[in-house]
A.B. asks: 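Structure in structure tokens, see below.
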Amino acid sequence: QYILKLINLQDKKSLYNGSSGFKRPVKAHKTSLVLVPGKENTPFTPNEVQPVETEVGLDLNQPLELEAASMVVYRFKLK
């Protein structure tokens, strides 16, 4: 299993120009967490910001767009 973690600390979207070592797109499990201005987890609102999990097609030969102030984790296997 491969794990790819991408973090964008900028306050604007960013592009990640993938790695050219992968021959074809793969199915991946994507977990993303995006900072939303004005929202934060506190003891009184512990679930204000939560990760979003999806299944996606991942092509590392194409640029990936990263949301502002976000972290994305892709988990995938090569067959």
A.B. asks: Got a sec, which residues hit side-chain contact (heavy atoms from CB on, under 4.5 Å) with Q1, two or more places apart in sequence or on another chain?
C.D. replies: R75, K77
A.B. asks: Scan residues 45-65 for pairs that pass salt bridge (Lys or Arg N to Asp or Glu O under 4.0 Å), counting only residues two or more places apart or in two chains.
C.D. replies: K13-E65
A.B. asks: Rounded to the nearest 0.5 Å, how far apart are CG of L66 and CE of M71?
C.D. replies: 12.0 Å
A.B. asks: Measuring from atom CG of N61 to atom CG of N17, what distance do you get when rounded to the nearest 0.5 angstrom?
C.D. replies: 11.5 Å
A.B. asks: Does V56 offer a backbone N or O that forms a donor-acceptor pair with the side chain of T54 under 3.5 Å?
C.D. replies: no
A.B. asks: Assess whether side chain to side chain contact (heavy atoms under 4.5 Å, CB included) is satisfied between V73 and I3, documenting all intermediate values.
C.D. replies: CA-CA 7 Å; V73 178; I3 298 174; 3.9 Å; yes
A.B. asks: Determine whether K39 and P37 make a side-chain contact, defined as any pair of heavy atoms from C-beta on separated by less than 4.5 Å.
C.D. replies: no
A.B. asks: For the atom pair CG (L78) and NZ (K23), what is the distance rounded to the nearest 0.5 Å?
C.D. replies: 10.5 Å
A.B. asks: Between OH of Y16 and CG of L60, what distance do you get to the nearest 0.5 Å?
C.D. replies: 6.5 Å
A.B. asks: Drop me the distance from L64's CG to L15's CG, to the nearest 0.5 angstrom.
C.D. replies: 8.5 Å
A.B. asks: If you measure from OG on S14 to CG on L6, what distance do you get to the nearest 0.5 Å?
C.D. replies: 9.5 Å
A.B. asks: Please walk me through it: do V49 and L33 pass side chain to side chain contact (heavy atoms under 4.5 Å, CB included)?
C.D. replies: CA-CA 8 Å; V49 180; L33 185 62; 3.6 Å; yes
A.B. asks: Output yes when a side-chain donor or acceptor of N8 lies under 3.5 Å from a complementary backbone atom of S70, and no otherwise.
C.D. replies: no
